[in-house]
Asks: 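I'd like to ask you about the structure that follows.
Note that the structure is predicted; figures quoted are calculated from it, not measured. Convention: sequence-line order gives letters A, B, ...; per-chain numbering from 1.
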Amino acid sequence: MKGWAFLAAALLLAAPAAAEDLVSGLSQDTVQITSNYTGADIVVFGAIEHLEDTGVNDVVVVVRGPDANVTVHKKDNVLGIWIARDQAKLLAIPGYYYLSSTRPIDQIAAKFTLSRYEIGLQNIAAQNVVSHHDPEPFRQALIRHMQQGGLYGEQLGVEFSGPTLFHTHVPLPAEVPTGQYNVEVYLFRDGNVISAQSTPLYIDQAGLERRLYNFAHLSPLSYGLSTVLMAVLLGWLSSLIFRRAD
Amino acid sequence: MEIYLPIAEMSVHWLILIGLGAAIGFLSGLFGVGGGFLLTPLLIFYGVPSAVAVATTSSHITASSISGAIAHWRKRALDLKMGVVMAIGGLAGTGLGVWLFTYMRRQGQMDLLVSTSYVLLLGTVGGLMLNESLAALRSNRDGATPSRRVQHTWMHGLPFKMRFRESRLYISVIPPLAIGLFVGILSAIMGVGGGFVIVPAMIYMLRMPTNVVMGTSLFQIIIVTAATTILQATTNFSVDIMLAGLLIIGGVVGAQFGVRVGARLRGEQLRLLLALLVLAVGVRLLVGLVLRPDDLFSIQMGGQ
């Protein structure tokens with residue numbers, strides 16, 4: 001826990017005197033998903049330089065996962081049976097989105113500023129939407145589902161230790177998609193973004209999991225045959241063991 | 001200890017998977033069915049993506065059926081010739097089923113197809129079996145020994161007759177091929193071995209003696225589910241070998257106990273129990289179709 005504060009302090013001291021207003025860093029820039037991965041918690045920390053007393057400073061941290069295409073179905077009752085009928089395809093919407101801020105975001109900046117930077121769950125936009133219906137309820141349903149799964153979140157989690165140093169925790173549940181993430185840190189002053197920083201974060205499968213995943217995708221026939229072989233051997237083996245027990 | 005499943009992309013406690021595999025394996029050995037009709041819905045309820053659940057269940061059924069089939073083979077309770085004929089039909093059906101699977105998924109109606117076919121099939125099969133086994137139990141109590149009814153049905157008029165010695169049958173190969181084909185389709189679209197269809201079909205349609213039915217159905221299930229596993233791995237990349245391994249380790253042990261308990265129970269009692277189980281799963285799925293869902297929206301990741 002002390003590590004982030006130390007690192008942040010080191011960063012602050014190391015930064016040249018007349019640099020930007022914001023420096024930030026991550027407790028780790030790579031998350032390895034291994035066989036006992038049950039989720040991770042990373043710390044985003046930073047410091048504001050040349051802090052002016054005139055004005056209200058706010059920090060917003062946004063972690064975005066790799067974009068995914070999502071189809072949202074809506075069920076309808078047809079002859080007593082609930083059938084998925086209407087649908088909306090949301091193309092290129094983040095597969096993970098976590099926001100942490102010092103204050104509720106609607107108090108930090110105006111709606112048009114927030115939506116320009118896609119800050120806040122309500123301002124997440126798909127690059128493209130394919131639907132014959134009003135897509136808004138579908139988008140809301142997606143946000144709701146992702147929140148329940150822990151993949152979308154919005155917290156007042158940015159804490160200041162002293163006037164310039166800040167940090168926040170970002171939970172990464174077990175189900176996070178793999179790929180390149182972006183950690184964006186925004187410094188708002190009086191409702192305007194005056195500084196922003198973006199740092200990549202990589203989430204990748206490692207070890208045995210990575211090898212199995214590659215095996216399944218690169219040589220699927222051998223992978224399928226291996227699975228069947230394993231099944232046959234285990235079945236046969238148990239038969240042998242239990243025969244002796246009789 | 002939690003284990004991360006590389007294809008399902010989720011972490012699960014390994015004991016839960018072994019326990020689940022053991023329970024399903026026990027039923028598999030007991031009834032001579034693969035248990036897929038229970039395992040697939042359970043995995044989906046647990047949060048495993050349905051494509052992964054369907055595909056991975058196939059390999060679990062292969063393993064638990066093998067230990068069961070060997071146990072039956074030792075007791076000479078297996079008609080190999082009948083099993084091969086049905087497996088040939090089953091392989092054709094698997095190919096057809098995977099094609100249908102891909103087509104319905106493109107239409108966005110996969111869930112509906114799976115749920116309704118489960119409800120229809122489990123309802124029909126379970127109802128028939130319940131009726132029959134109750135009747136058998138009743139006639140036994142009345143003291144009447146059920147005679148092996150040799151009826152002359154339309155099936156006896158079909159060509160390509162073949163002698164099945166272990167089954168004491170001389171019948172056309174068309175009905176066993178057709179049963180195999182139908183079960184192969186089910187295997188691909190529902191993630192089941194199809195024992196709950198094969199067993200009654202062998203007993204009531206082909207009139208095979210009950211003692212060879214279990215072993216023969218397990219043999220045909222092994223061939224069909226192995227083919228399904230390979231087909232799913234190459235077309236959908238949805239077989240999770242880690243998930244399969246844990247389920248199998250539990251499953252093969254459970255199957256051995258199932259066979260032993262099954263040998264002590266009478267055929268009618270077994271069929272009554274299986275009928276009740278099949279009906280219960282069918283009713284559960286029917287409720288899911290008819291009740292208003294808590295959330296009308298469902299999301300599906302991926303795709304274009």
Asks: Any chance you could measure B/I230, atom CD1, to A/S222, atom OG, to the nearest 0.5 Å?
Replies: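 Rounded to the nearest 0.5 Å, the CD1-OG separation comes out at 10.5 Å.
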Asks: For B/T234, does its backbone N or O pair with a side-chain atom of A/Y223 as donor and acceptor, under 3.5 Å?
Replies: no
Asks: With a strict 4.5 Å heavy-atom criterion, list every residue of residues 113-134 of chain A that contacts chain B, or say none.
Replies: none
Asks: Is it the case that more than 12 heavy atoms not belonging to A/Q155 sit under 6.0 Å from its CD atom?
Replies: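 Not buried by this count: 12 neighbours or fewer within 6.0 Å.
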Asks: Checking A/H217 against chain B: side chain, backbone, both or neither under 4.5 Å from a heavy atom?
Replies: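 Answer is both: backbone and side chain atoms of A/H217 are under 4.5 Å from chain B.
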Asks: Please answer whether the main-chain N or O of A/A231 pairs with a side-chain N or O of B/H60 as donor and acceptor at a distance below 3.5 Å.
Replies: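 No: the side chain of B/H60 does not pair with the backbone of A/A231.
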Asks: To the nearest 0.5 Å, how far apart are CG in A/L212 and CG in B/D240?
Replies: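 Reported value, rounded in 0.5 Å steps: 8.0 Å.
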Asks: Shorter than 4.5 Å, heavy atoms on both sides: which option in B/I241, B/T229, B/I7, B/L286 has the most such pairs with chain A?
Replies: B/I241
Asks: Short question: side chain of A/W82, backbone of B/L289 - any donor-acceptor pair under 3.5 Å?
Replies: no
Asks: Give, for atom CE of B/M242 and atom CG of A/L208, the distance between the pair rounded to the nearest 0.5 Å.
Replies: 5.0 Å
Asks: Using every non-hydrogen atom in the two residues, find where B/V252 and A/G235 come nearest and quote the distance to one decimal.
Replies: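 So the minimum-distance heavy-atom pair works out to CG1-CA, 3.5 Å.
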Asks: Of the listed residues (A/E175, A/M146, A/R144), which shares the most heavy-atom pairs with chain B below a 4.5 Å separation?
Replies: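 Ranked by heavy-atom pairs under 4.5 Å with chain B, first place is A/R144.
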Asks: If I measure from the heavy atoms of chain B, does A/I93 come under 4.5 Å with its side chain, its backbone, both, or neither?
Replies: neither
Asks: Atom CZ of residue position A/F215 - does it have more than 12 heavy atoms of other residues, nucleotides or ligands inside 6.0 Å?
Replies: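 More than 12 within 6.0 Å, yes.
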Asks: What do the steps show when you test A/H73 against B/L296 for side chain to side chain contact (heavy atoms under 4.5 Å, CB included), and what is the final call?
Replies: CA-CA 8 Å; A/H73 296 276; B/L296 291 180; over 6 Å; no
Asks: If I measure from the heavy atoms of chain B, does A/P137 come under 4.5 Å with its side chain, its backbone, both, or neither?
Replies: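 Both parts, heavy atoms under 4.5 Å.
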Asks: Tell me, for B/L291 versus chain A, whether the close heavy atoms (under 4.5 Å) come from the side chain, the backbone, both or neither.
Replies: backbone
Asks: Distance check, rounded to the nearest 0.5 Å: B/I70 atom CD1 versus A/L240 atom CG?
Replies: 7.0 Å
Asks: List the atom of A/A174, the atom of B/Y4, and the distance in Å for their closest heavy-atom pair.
Replies: O-CE1, 3.7 Å
Asks: Identify the heavy atoms of B/A233 and A/P220 that sit nearest to each other, and give their distance.
Replies: O-CB, 3.4 Å
Asks: Nearest heavy-atom pair of B/G245 and A/L234: which atoms, and what distance?
Replies: O-CD1, 4.4 Å
Asks: When rounded to the nearest 0.5 angstrom, what distance separates OG in B/S59 from CG in A/L229?
Replies: 12.0 Å
Asks: Which heavy-atom pair separates B/I248 from A/M230 by the least distance, and what is that distance?
Replies: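 Scanning both residues, the minimum pair turns out to be CD1-CE, 3.9 Å.
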Asks: To the nearest 0.5 Å, what is the distance between CZ on B/F297 and CZ on A/R139?
Replies: 12.5 Å
